[in-house]
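All of these numbers come straight from a predicted model, not from anything done at the bench.
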Amino acid sequence: MIEIKFRKSKQLPLDQLINLYNSVGWSAYTTDPAVLNQAIINSLDVITAWENQQLIGLIRTVGDGQTILYIQDLLVAPSFQQQGVGTKLMQQILNKHKNIRQKLLLTENETQTLSFYQKQGFIDTKEMNLVSFYREH
């Protein structure tokens, strides 16, 4: 049985951070490691999951910490998915910010991903007669 430890820190080994993002196919984040590192440092919260000395998961949020919380990234290395790591990371963030009314995220339209967030209590904005907008560059 693996033993996973969770840490709250924005100071992460850059090589492990890059490896984690690449492992889930988020290479747009890793094209400029300095930008990724600064994004982590500037986040409202960063909680990481470790197996021994290996970074295997991460959740990070942005927002004002009072009225809105945006879950920017939640990722778990593929070999550790489906083992509750993502759920534990999410629970820690939601427990820390239980008084914030608006908790938002933008994610891919994939069945497994949507199911995960629905199990975490998130609702598709369409069900609330809301829309979201996206603009790149």
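- The closest donor-acceptor contact from the side chain of N37 to the backbone of P33 lies at 3.5 Å or more, if one exists at all.
- Taking each heavy atom of S23 and A77 in turn, the nearest pair found is OG-CA, 3.8 Å.
- When all heavy atoms of H137 and R135 are compared, the closest pair comes out as O-NE, 3.6 Å.
- Following chains of ILVMFWY side-chain contacts shorter than 4.5 Å, one cannot reach V46 starting from I41, and the two form parts of different hydrophobic clusters.
- At distances below 3.5 Å, at least one donor-acceptor pair connects side-chain atoms of Q16 with backbone N or O atoms of Q53.
- Here the straight-line distance linking atom CG of L55 with atom OG1 of T48 works out to 6.0 Å at 0.5 Å rounding.
- Side-chain contact between M128 and I123 is present, with at least one heavy-atom pair separated by less than 4.5 Å.
- Between the CD atom of Q81 and the CD atom of Q112 there is a distance of 6.5 Å, given to the nearest 0.5 Å.
- Under a hydrophobic-cluster definition in which Ile, Leu, Val, Met, Phe, Trp and Tyr are linked whenever side-chain heavy atoms come within less than 4.5 Å, directly or via other members, I71 and L20 are assigned to different clusters.
- At least one donor-acceptor pair closer than 3.5 Å links the side chain of Q83 to the backbone N or O of S79.
- A donor-acceptor pair under 3.5 Å is formed between the side chain of D124 and the backbone N or O of K126.
- A 4.5 Å side-chain heavy-atom check between I68 and L104 finds at least one atom pair inside the cut-off.
- For the residue pair T30 / N22, a side-chain donor-acceptor distance below 3.5 Å is found, with atom types taken as modelled.
- A heavy-atom distance below 4.5 Å is not found between the side chains of L12 and L14.
- Put simply, M90 and V24 are part of two different groups of oily side chains (I, L, V, M, F, W, Y) that touch within less than 4.5 Å, one to the next.
- Closest heavy-atom contact between A49 and I4: CB-CG2, 3.9 Å.
- In this structure, Y70 contributes its side chain and L106 its backbone to a donor-acceptor pair below 3.5 Å.
- In plain terms, the two heavy atoms of R7 and N52 that are nearest each other are NH2-O, 4.1 Å.
- Separating the CZ atom in F122 from the CG atom in L114 is a distance of 12.5 Å, to the nearest 0.5 Å.
- Exactly one of K10, R60, K96 qualifies for a side chain to side chain donor-acceptor pair (under 3.5 Å) with D45. That residue is K96.
- Ring pair Y29/Y21 is tilted by interplanar angle, where 30° to 60° counts as tilted.
- Although no hydrogens or angles enter the test, the distance criterion places no donor-acceptor pair under 3.5 Å between the side chain of T113 and the main chain of N109.
- Listed here is the closest heavy atom pair of W50 and I56: N-CG1, 4.0 Å.
- Between the side chains of T87 and Q120, at least one donor N or O sits under 3.5 Å from an acceptor N or O.
- Note: I59 CD1 to L74 CG = 4.5 Å, rounded to the nearest 0.5 Å.
- Scanning all heavy atoms of the two residues, the minimum distance from V62 to L44 falls at CA-CB, 4.0 Å.
- Within 6.0 Å of CD on Q102 lie more than 12 heavy atoms contributed by other residues, nucleotides or ligands.
- Atom NZ of K103 sits in a crowded spot, with more than 12 heavy atoms from other residues, nucleotides or ligands closer than 6.0 Å.
- Proximity of T125 to V131: side-chain heavy atoms (C-beta onward) are nowhere separated by under 4.5 Å.
- Looking only at side-chain heavy atoms (C-beta outward), L58 and D73 come within less than 4.5 Å of each other.
- How far CD1 of I47 is from CG of L89: 7.0 Å, rounded to the nearest 0.5 Å.
- For the pair F116/E110, no side-chain contact is recorded, criterion being any heavy-atom separation below 4.5 Å from C-beta on.
- Taken from CG in L69 to NZ in K98, the straight-line distance is 14.0 Å, to the nearest 0.5 Å.
- No side-chain heavy atom of I100 sits under 4.5 Å from any side-chain heavy atom of T67.
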